[in-house]
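Encoded as structure tokens, the structure appears first; notes follow it.
Residue indices begin at 1 and follow the sequence shown.
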Amino acid sequence: MDDAIRERLTATGRRMLDCFNQGQAELADEIVSLDASVYVDPARFAAEQHHIFRALPLMLAASCELAEAGDYKTLEVAGLPVLLTRSGDGSAHAFLNSCRHRAGPVACDKGNAARFTCPYHGWTYNNQGDLVGIASHHQFGAAEKDDLKLVEFPIYESAGLIWVVLDPESKIDISGFLAGVDKMLDGFDLGAWSLYDQCALSGANWKLAFDAHLDFYHLPVLHKETFGPRISNMAQYFFHGPHQRLGLMSENPVEQNDLRHLTDVPEAEWPIDSLLFGEWIVFPNVSLNCFTAGEKVMVISQIFPGDTAATSTTVQTYLVARPPSQETKPELDEFVAFIKKIVGEEDLPMSMQQQTSMSSGLVKTVHFGRNELGLQRYHQWIEQLVSGKSPVFSADS
């Protein structure tokens with residue numbers, strides 16, 4: 001990690017310690033109200049698909065999901081079937097999972113393969129997207145294979161994570177969009193971690209499902225029967241372009257990193273783990289949380305829009321810094337089951353109840369308090385993008 005990135009992390013840690021010592025997080029200037037239709041309106045949903053999910057870089061996988069040459073993964077994002085691959089030279093690729101003959105899928109699920117054959121007519125592609133075989137090619141007729149490669153999307157791999165823009169013609173600077181967040185996340189060294197577990201959970205509108213990740217205000221209330229009474233309802237927000245991180249204004253018994261013990265330690269000696277405290281929000285739909293549960297475990301939550309404005313899917317990915325031992329595995333498994341329960345039985349059911357009320361048309365507005373600065377900023381970014389404006393992505397915006 002270079003000195004500039006460490007200084008950015010140290011400055012954030014210094015501010016967080018000041019908040020702890022003062023007993024108060026920074027607040028927004030005022031309460032902000034939002035038209036509730038943004039969660040239910042089909043036209044708004046279509047605009048979000050176009051201006052956000054098919055225009056911005058999306059974190060679609062951890063690098064360790066494609067750990068070996070030949071590894072691949074399929075998924076659907078914003079109505080598009082996507083194929084991610086790792087080729088023999090170690091590079092990652094992203095394609096539309098669609099044969100150039102008649103649009104059949106060339107792969108399904110995940111696995112390891114050097115070739116992908118469309119199950120409809122047998123056209124075959126390599127994991128770099130090249131068309132390498134046309135079934136009965138003499139009878140099919142002359143075809144220029146170089147013009148029939150899989151449709152490829154721009155891709156960027158950094159900090160053990162893979163970003164993709166679902167527009168093959170996009171010229172967006174993915175590194176610039178990330179505003180240095182990937183350079184800070186590189187401190188986790190996620191490229192050396194391994195996949196432990198993964199699941200998908202159904203929810204309401206994608207923003208309703210994701211709002212909970214930017215909101216510590218609800219923790220002691222909604223989660224009062226699980227972990228809520230042990231922690232604060234206040235977050236200190238830190239912004240990096242459209243991305244942010246949340247520092248909890250109390251001790252978290254399972255969070256990997258803690259700053260309070262560094263008060264009398266010279267800043268030059270602050271360990272990198274402590275400087276990476278908190279929940280990281282990668283715009284527009286990803287949350288990363290590092291915990292200790294027998295082993296260091298990273299919980300990555302990706303919230304993808306469903307087929308309608310009222311549906312979404314939360315993909316939970318659990319990475320571990322090292323494979324668990326017989327001694328640590330029970331605690332790790334208990335923790336994974338616990339997080340699945342929190343999200344699947346507490347957070348997402350609440351978002352579905354919110355969706356029902358908003359869909360009635362009787363809820364006209366929702367409100368974000370001064371203590372919900374991160375949510376205010378998050379929805380301001382969404383509004384700016386949906387309006388068709390071209391924002392400047394920088395670490396200071």
Please lay out, stage by stage, how C118 and R102 fare under the test side chain to side chain contact (heavy atoms under 4.5 Å, CB included). CA-CA 10 Å; C118 177; R102 298 263 288 284; over 6 Å; no

Any ion pair linking E295 and R322 (charged N to carboxylate O, less than 4.0 Å)? yes

For the side chain of N233 and the backbone of L219, is there at least one donor-acceptor N/O pair under 3.5 Å apart? no

Would you say the side-chain atoms of Q49 pair up with the backbone N or O of R54, donor to acceptor, closer than 3.5 Å? no

Side-chain contact, heavy-atom cut-off 4.5 Å: L262 with E269? no

Heavy-atom neighbours of H51 NE2 exceed 12 at 6.0 Å: yes

Tell me every residue that passes salt bridge (charged side-chain N to carboxylate O under 4.0 Å, His left out) with K224, counting only those two or more places apart in sequence or in another chain. none

Connected via hydrophobic side-chain network under 4.5 Å: Y39 and M350: no

Parallel, tilted or perpendicular: ring planes of F335 versus F338, cut at 30 and 60 degrees: tilted

What pairs of residues pass the ring-ring contact (aromatic ring centres under 6.0 Å, His included) test when at least one of them lies in residues 97-119, not counting sequence neighbours? Y72-F116, H101-H121, H101-W123, H101-F140

With a 4.5 Å cut-off on side-chain heavy-atom distances among I, L, V, M, F, W and Y, is there a chain of contacts connecting L222 to L248? no

Report yes if some heavy atom in the side chain of N127 is under 4.5 Å from a heavy atom in the side chain of R86; otherwise report no. no

Given side chains that start at C-beta, do those of F216 and I231 come closer than 4.5 Å, heavy atoms only? no

Using side-chain heavy atoms (C-beta onward) and a distance below 4.5 Å, is N112 in contact with D71? yes

Exceeds 12 heavy-atom contacts within 6.0 angstrom, atom CG of L27: yes

Heavy atoms of other groups near Q380 CD, more than 12 under 6.0 Å: yes

A quick test of your reading: do over 12 heavy atoms of other residues, nucleotides or ligands sit less than 6.0 Å from OH of Y217? no

Using 4.0 Å as the upper bound for N to carboxylate O, is an ion pair formed by R15 and E26? yes

Separation of K207 NZ from Q354 CD (nearest 0.5 Å): 12.0 Å

Is any side-chain N of the basic residue among D130 and K149 closer than 4.0 Å to the acidic one's carboxylate O? yes

Single hit among V299, V181, V282, T317 for side chain to side chain contact (heavy atoms under 4.5 Å, CB included) with L288: V282

Test your reading of the model: is there a side-chain donor-acceptor pair from T365 to the backbone of L34, 3.5 Å cut-off? no

Under-4.0 Å salt bridge between E383 and R44: yes

Is it true that atom CG of D29 has more than 12 heavy atoms of other residues, nucleotides or ligands lying nearer than 6.0 Å? no

Is the CG atom of N21 crowded by more than 12 outside heavy atoms at less than 6.0 Å? yes

Residues, nucleotides or ligands: over 12 heavy atoms within 6.0 Å of K110 NZ: no

Below 30° counts as parallel, above 60° as perpendicular, anything between as tilted: where do the rings of F227 and H223 land? parallel

Does one side chain, of S158 or D182, offer a donor that lies under 3.5 Å from an acceptor on the other? yes

Would you mind telling me which of Q244, R8, M16, H243 makes a side chain to side chain contact (heavy atoms under 4.5 Å, CB included) with F238? M16

So, do Y125 and F95 have ring centers that fall under 6.0 Å from each other? no

How about F177 and W163: are their ring centroids closer than 6.0 Å? no

At what distance, to the nearest 0.5 angstrom, does CD1 of I162 lie from CG of L58? 13.0 Å

Is it true that E267 and R6 make a salt bridge, defined as a side-chain N closer than 4.0 Å to a carboxylate O? no

Just checking D89: does its CG atom have more than 12 heavy atoms from other residues, nucleotides or ligands closer to it than 6.0 angstrom? yes

Side chain of T74, backbone of D109: donor and acceptor closer than 3.5 Å? yes

